[in-house]
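What follows is a set of notes on a single structure, which appears directly below.
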2 protein chains.
Amino acid sequence: MQGREIDIHGLDPIIHERVRLAILVLLSETESLDYNSLKKVLKITDGNLVSHLRKLEDNGLISVKKSFVGRRPRTTYSITEEGRQRLSEYLKNLKQLISGVE
Amino acid sequence: MQGREIDIHGLDPIIHERVRLAILVLLSETESLDYNSLKKVLKITDGNLVSHLRKLEDNGLISVKKSFVGRRPRTTYSITEEGRQRLSEYLKNLKQLISGVE
DNA sequence: CAATATACTTTGTAACACAAAGTAGGAGGT
DNA sequence: ACCTCCTACTTTGTGTTACAAAGTATATTG
């Protein structure tokens, strides 16, 4: 217990939020995902999804590309290099925290 | 990506908070911890710590015992059986979410 | 008697998550 | 021409939250 290292401040609050963590994980696994795919997978409301995406974008963790498929708009999200690194750092700290439970 | 199962709602919001998660992990590793040990390990303010402990207690995840050592008060915290189970369930879902990154 | 320790409570603030409803601009159907 | 649907939002609102700072009661130590 005294030898146990606990660093909650290593858990980036921008990343440590359920929806945003899920988005980053999803984006880290694929090249990119569009808005509707994210909405379907995450099962959350539009307002909710958009605000989390905006926060991730504002923090430089994801990038956004707007295009058209036929005449329909498509917004596509990708994780940035910085996002990948910060996610990795977050996961390192998270795993250290939860390692040894059970 | 379409086969990927993502269930953010399986991540209990009571547990999914940095300080509370850390407290539960710490308590799951030892018999019990007193207030001051928690404060030292977590490096947070009193008000902050107390409020998180209260929330965990109110939700039945930890139990609280008050005693005296000499004439000094000592408050001791333990994880409950329910807390252990809910932490375990939370961790199962969390690990599933972050598995496969990198 | 002053300072320190324990374990809080009170007060305040700024941020946050989330839902519900509304919007624009085009597509497709009748 | 009209209506509904789709995408990707924005706006508005509500209730909760995390957190810090400061104060408190009780007791011990210097």
Side-chain angles (χ1 to χ4, degrees), chain A residues 6-24 26-27 32-59 61-78 90 94 97, chain B residues 6-24 26-27 32-59 61-78 90 94 97:
Chain A
I6 293 281
D7 180 20
I8 42 177
H9 307 290
L11 297 180
D12 189 339
I14 298 298
I15 297 179
H16 187 78
E17 193 286 329
R18 302 180 304 165
V19 176
R20 292 195 295 265
L21 177 58
I23 291 171
L24 287 178
L26 283 168
L27 290 181
S32 62
L33 284 171
D34 60 36
Y35 181 84
N36 253 358
S37 302
L38 284 171
K39 194 179 157 191
K40 263 168 213 151
V41 174
L42 298 172
K43 296 185 189 102
I44 55 177
T45 58
D46 285 305
N48 198 359
L49 176 54
V50 167
S51 69
H52 285 303
L53 288 169
R54 166 110 358 111
K55 177 155 289 193
L56 288 171
E57 189 191 0
D58 289 348
N59 281 270
L61 301 176
I62 66 171
S63 65
V64 183
K65 214 171 275 180
K66 283 161 189 289
S67 59
F68 283 87
V69 175
R71 297 290 171 79
R72 290 198 173 165
R74 169 169 296 176
T75 310
T76 311
Y77 303 91
S78 309
Y90 166 85
L94 180 65
L97 172 63
Chain B
I6 293 280
D7 180 20
I8 43 176
H9 307 290
L11 297 180
D12 189 338
I14 299 296
I15 297 179
H16 187 79
E17 191 287 328
R18 302 181 303 164
V19 176
R20 293 196 293 267
L21 177 58
I23 292 172
L24 287 177
L26 283 167
L27 291 180
S32 62
L33 284 170
D34 60 34
Y35 181 84
N36 253 359
S37 303
L38 284 171
K39 194 180 156 190
K40 263 168 213 150
V41 175
L42 298 172
K43 297 186 188 98
I44 55 176
T45 58
D46 285 303
N48 198 357
L49 176 54
V50 167
S51 68
H52 286 303
L53 287 168
R54 166 111 357 112
K55 177 154 287 192
L56 288 171
E57 189 191 359
D58 290 348
N59 281 269
L61 301 176
I62 65 172
S63 65
V64 183
K65 214 172 275 180
K66 283 160 188 290
S67 59
F68 283 88
V69 176
R71 298 288 172 80
R72 291 200 171 165
R74 168 169 298 175
T75 310
T76 311
Y77 303 90
S78 309
Y90 166 84
L94 180 65
L97 173 63

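Order of the sequence lines fixes the chain letters, A, B, ..., with proteins taken first and strands second; residue numbering starts at 1 for each chain.
- The closest side-chain heavy-atom distance from A:Tyr90 to A:Leu21 is below 4.5 Å.
- At the phosphate of D:dC9, OP1 or OP2 sits under 4.0 Å from a side-chain N or O atom of A:Thr75.
- Dashed line: the shortest gap from a side-chain N or O of B:Tyr77 to OP1 or OP2 of C:dA7 is not under 4.0 Å.
- The CD1-C1' distance, from A:Ile8 to D:dA20, rounds to 14 Å in whole Å.
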Name every donor-acceptor pair, under 3.5 Å, that has one atom in a side chain of residues 44-53 of chain B and the other anywhere in the protein, sequence neighbours excluded.
unit_1  : atom_1 : unit_2  : atom_2 : d
B:Asp46 : OD1    : B:Tyr35 : OH     : 2.5
B:Asp46 : OD1    : B:Lys39 : NZ     : 3.3
B:Asp46 : OD2    : B:Lys39 : NZ     : 3.3
B:Asn48 : OD1    : B:His52 : NE2    : 3.1
B:Ser51 : OG     : B:Gly47 : O      : 3.3
B:Ser51 : OG     : B:Asn48 : O      : 2.9
B:His52 : ND1    : B:Arg20 : NH1    : 3.1

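- When distances run from any side-chain atom of B:Tyr35 to the nucleotides D:dC6, D:dT10, C:dC8, the shortest one goes to C:dC8.
- Atom CG in B:Leu33 sits about 16 Å away from atom C1' in C:dA7, given to the nearest Å.
- In this entry the distance linking NZ of A:Lys40 with C1' of D:dC6 reads 10 Å, nearest Å.
- With rounding to the nearest 0.5 Å, the separation of CD in B:Glu17 from NZ in B:Lys55 is 9.0 Å.
- Straight-line distance from the CZ atom of B:Arg54 to the P atom of D:dT16: 17 Å, rounded to whole Å.
- When the P atom of C:dT4 is taken as reference, atom CG of B:Asn36 falls 16 Å away, rounded to whole Å.
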Completion exercise
Readout for nucleotides 16-27 of chain C: B = base within 4.0 Å of protein heavy atom, S = sugar-phosphate only, - = neither; 5' to 3' it is SSSBB-----SS
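- Taking atom CZ on B:Arg74 and atom C1' on D:dT26, their separation rounds to 17 Å, with Å as the unit.
- Taking atom CD1 on B:Ile23 and atom C1' on D:dC19, their separation rounds to 14 Å, with Å as the unit.
- Using a 4.0 Å heavy-atom distance criterion, A:Lys39 is classed as making no nucleic acid contact.
- Remark: side-chain polar atoms of A:Asn59 are not paired, donor with acceptor, to backbone N or O of A:Leu61 under 3.5 angstrom.
- Distances shown here put a side-chain N or O of A:Lys66 below 4.0 Å from the OP1 or OP2 atom of D:dC9.
- Atom-to-atom, CG of B:Asp58 to C1' of D:dT17 comes out at 15 Å; the value is rounded to the nearest Å.
- Using a 4.0 Å heavy-atom criterion, one finds that A:Phe68 contacts no nucleic acid atom at all.
- B:Tyr77 pairs in a side-chain contact (heavy atoms from CB on, under 4.5 Å) with only one of the listed residues (B:Ile62, B:Leu56, B:Asp34), which is B:Ile62.
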Let me check something: any side-chain donor-acceptor pairs from residues 65-76 of chain B under 3.5 Å, sequence neighbours excluded? List them with distances.
none

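- Of all non-hydrogen atoms in B:Ala22 and A:Leu97, the two that sit nearest each other are CA-CD1, 4.0 Å.
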